[in-house]
Amino acid sequence: MKKTLYLLILISFGFKCADNNCELKDGKYKVIYDKQFSEYPKFEFEINGQNLTEINSVKNRNYIIENLGENSFRLKSLERQTDSLTEFQKTLMSHGKPYYEITNCKNDTIEFTMRVNLHVISHSGKFVRTE
């Protein structure tokens, strides 16, 4: 009886872990920032393999997606740009290598937190797949 109970718990835990393995699939997305970050520059992007391209913005920049592990990644710009960032974001960028941590996902909506390091959050919001 105990073995059956433990087995059910392990299986449930395994399904829960599998549900949290979120990834950005090929397609077009828009960024919706959380309320406290609503003044940050808005943009949309398209993913094709490991490439991310901003669309519908003043400068359509290109990035390579660098996977850092389960549910986290970093965008590597082909050129260093800081003109559309707030002063606070520029300061954060100078103190580390920011990365995205995917915190949750459901269907075509992926919740994220952009971290400068383990303890400092730059901003958070959602990536919503539009196509």
Side-chain angles (χ1 to χ4, degrees):
M1 179 69 173
K2 282 186 178 181
K3 287 183 182 180
T4 305
L5 180 62
Y6 288 131
L7 184 61
L8 288 173
I9 291 171
L10 285 174
I11 290 172
S12 297
F13 181 73
F15 285 129
K16 179 67 177 159
C17 289
D19 289 344
N20 289 336
N21 190 10
C22 306
E23 62 183 48
L24 290 168
K25 298 177 182 168
D26 288 357
K28 293 183 180 180
Y29 295 81
K30 66 180 175 179
V31 178
I32 300 173
Y33 293 107
D34 290 339
K35 186 176 180 179
Q36 65 268 35
F37 305 109
S38 63
E39 297 299 317
Y40 282 31
K42 298 184 179 14
F43 67 96
E44 295 180 10
F45 61 91
E46 183 173 9
I47 292 182
N48 185 2
Q50 290 298 106
N51 297 312
L52 182 144
T53 304
E54 287 183 9
I55 54 176
N56 300 330
S57 65
V58 176
K59 296 182 178 183
N60 292 341
R61 296 184 184 111
N62 294 307
Y63 300 90
I64 295 175
I65 300 170
E66 178 187 355
N67 290 314
L68 300 175
E70 187 174 318
N71 297 332
S72 63
F73 64 93
R74 177 177 293 133
L75 296 179
K76 291 189 122 185
S77 178
L78 300 179
E79 54 190 65
R80 187 156 174 85
Q81 296 288 332
T82 58
D83 56 335
S84 67
L85 301 177
T86 65
E87 288 303 315
F88 180 66
Q89 286 176 310
K90 289 177 186 178
T91 302
L92 289 175
M93 292 282 289
S94 67
H95 293 299
K97 292 185 175 182
Y99 65 95
Y100 288 91
E101 178 180 59
I102 297 174
T103 57
N104 196 11
C105 60
K106 263 190 186 170
N107 301 326
D108 289 335
T109 302
I110 297 173
E111 296 177 19
F112 72 88
T113 300
M114 184 174 198
R115 297 182 172 277
V116 176
N117 60 41
L118 184 59
H119 305 290
V120 179
I121 295 173
S122 171
H123 56 276
S124 59
K126 297 176 178 75
F127 300 132
V128 180
R129 188 168 184 202
T130 58
E131 290 182 30

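Computed from a predicted model, the values in this text were never measured in an experiment.
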Mutual orientation of the aromatic rings belonging to Phe37 and Tyr40 [parallel < 30°, tilted 30-60°, perpendicular > 60°]: perpendicular
Remaining members of the apolar cluster that contains Tyr99, side-chain heavy atoms under 4.5 Å: Leu68
Heavy-atom pair of closest approach, residues Cys22 and Ile102: CB-CG2, 3.6 Å
Qualifying residues under side-chain contact (heavy atoms from CB on, under 4.5 Å), relative to Leu75, sequence neighbours excluded: Leu52, Tyr63, Ile65, Phe73, Tyr100
Considering all heavy atoms, the nearest Asn67-Gln50 contact: ND2-NE2, 3.5 Å
Verify same cluster id: Tyr29, Val31 (apolar side-chain graph, 4.5 Å): yes
Test side chain to side chain donor-acceptor pair (under 3.5 Å) applied to Asp34 - qualifying residues, sequence neighbours left out: Ser124
Counting only pairs under 3.5 Å, give me each side-chain donor-acceptor contact of residues 105-112, with atom names and distances, residues two or more places apart or in other chains.
none

Set of side-chain contact (heavy atoms from CB on, under 4.5 Å) partners for Lys28, sequence neighbours left out: Glu46, Ile55, Thr130, Glu131
Spacing of OG belonging to Ser72 relative to CE belonging to Met114, to within rounding of 0.5 Å: 12.5 Å
Gap separating the NZ atom of Lys126 from the NZ atom of Lys30, nearest 0.5 angstrom: 11.5 Å
Atom NZ of Lys42: over 12 foreign heavy atoms under 6.0 Å: yes
Gln36, CD: over 12 other non-hydrogen atoms inside 6.0 angstrom: yes
Rounded distance (nearest 0.5 Å) linking atom CZ of Arg115 with atom NE2 of His123: 12.0 Å
Pairwise distance CZ(Arg74) to CD1(Ile64) - rounded to 0.5 angstrom: 13.5 Å
Those residues that, when tested against Thr53, pass side chain to side chain donor-acceptor pair (under 3.5 Å) (two or more places apart): Asn62
